[in-house]
Amino acid sequence: MSYLKSQMLYDDGKYYKWVAKADHDNPYYTKGTDWSELNRTEGYEILYFINHFADKHVSGAPTLETYQKIEKMIRYDVPHNQRTHKKIADWIISNWPRS
């Protein structure tokens with residue numbers, strides 16, 4: 001299972017941008033190095049990050065609830081001074097709610 005744009009919590013057209021700007025922004029973003037910054041308002045970057053993070057760090061098949069939990073953490077919980085893919089991923093791992 002992959003997380004889809006239609007399943008995202010904040011895809012109401014107000015929070016995420018899905019149209020690339022003329023400044024070499026890539027709406028088909030399909031990679032991210034550990035040290036590249038994650039733009040938290042670019043929908044395609046967030047969608048890629050969530051899917052990649054879940055594939056790499058979630059044991060078993062991720063559920064819709066898991067994908068949405070990651071999305072919520074990125075939007076509300078991850079400190080804004082954590083900007084790179086690696087730092088955001090590390091923060092999520094360290095702060096994943098334990099049940």
Side-chain angles (χ1 to χ4, degrees):
M1 176 180 181
S2 289
Y3 197 35
L4 306 173
K5 176 182 176 182
S6 61
Q7 297 171 315
M8 294 179 80
L9 293 170
Y10 308 108
D11 184 32
D12 59 3
K14 296 176 185 173
Y15 186 71
Y16 294 127
K17 294 178 276 178
W18 295 94
V19 177
K21 296 180 266 181
D23 63 357
H24 308 290
D25 203 7
N26 181 1
Y28 304 104
Y29 185 84
T30 58
K31 62 184 177 195
T33 63
D34 284 347
W35 304 109
S36 64
E37 284 193 14
L38 178 65
N39 185 328
R40 297 181 196 206
T41 60
E42 297 289 348
Y44 48 87
E45 285 190 33
I46 294 295
L47 188 57
Y48 166 80
F49 178 88
I50 292 169
N51 279 304
H52 181 73
F53 179 88
D55 286 346
K56 189 173 180 181
H57 299 289
V58 174
S59 61
T63 63
L64 178 59
E65 180 182 74
T66 301
Y67 289 122
Q68 290 178 339
K69 184 183 294 186
I70 296 166
E71 184 181 3
K72 283 180 191 175
M73 289 179 80
I74 293 168
R75 178 148 185 206
Y76 295 115
D77 301 325
V78 176
H80 287 281
N81 66 344
Q82 305 298 312
R83 295 186 175 154
T84 65
H85 285 243
K86 179 167 177 30
K87 287 187 178 189
I88 291 171
D90 289 347
W91 191 94
I92 292 170
I93 291 165
S94 296
N95 293 278
W96 190 259
R98 312 260 185 245
S99 31

Engineer: Tell me every residue that passes salt bridge (Lys or Arg N to Asp or Glu O under 4.0 Å) with D90, counting only those two or more places apart in sequence or in another chain.
Structural biologist: K86
Engineer: Measuring from atom OH of Y15 to atom CE of M8, what distance do you get when rounded to the nearest 0.5 angstrom?
Structural biologist: 9.5 Å
Engineer: Please give me the minimum heavy-atom distance between A54 and Y67, naming the atom from each residue.
Structural biologist: CB-CE2, 3.5 Å
Engineer: Partners of S2 by side-chain hydrogen bond (donor to acceptor under 3.5 Å, both in side chains), sequence neighbours excluded?
Structural biologist: none
Engineer: Within this structure, what is the CE-CG distance for the pair M1 and N51, rounded to the nearest 0.5 Å?
Structural biologist: 9.0 Å
Engineer: What is the distance from atom CG of L4 to atom CG of L47, rounded to the nearest 0.5 Å?
Structural biologist: 7.5 Å
Engineer: What's the shortest heavy-atom distance between F53 and A89, and which atoms?
Structural biologist: CE1-O, 3.6 Å
Engineer: Looking at R40 and Q82, what are the two nearest heavy atoms and their distance?
Structural biologist: NH2-O, 2.5 Å
Engineer: Rounded to the nearest 0.5 Å, how far apart are NE2 of H85 and CD of E45?
Structural biologist: 6.0 Å
Engineer: Quick check against the 3.5 Å criterion: does Q68 have a side-chain atom that pairs as donor or acceptor with the backbone of Q7?
Structural biologist: yes
Engineer: Side-chain atoms of residues 70-78: list all donor-acceptor pairs with protein atoms under 3.5 Å, sequence neighbours left out, distances to 0.1 Å.
Structural biologist:
residue : atom : partner : partner atom : Å
E71     : OE1  : Y3      : OH           : 2.4
E71     : OE1  : L9      : N            : 2.9
E71     : OE2  : L9      : N            : 3.4
E71     : OE2  : Y10     : N            : 3.4
E71     : OE2  : Y16     : OH           : 2.8

Engineer: When rounded to the nearest 0.5 angstrom, what is the spacing between CD1 in I88 and NE2 in H80?
Structural biologist: 9.5 Å
Engineer: Starting at OG1 of T66, measure out to CH2 of W96 and round the result to the nearest 0.5 Å.
Structural biologist: 5.5 Å
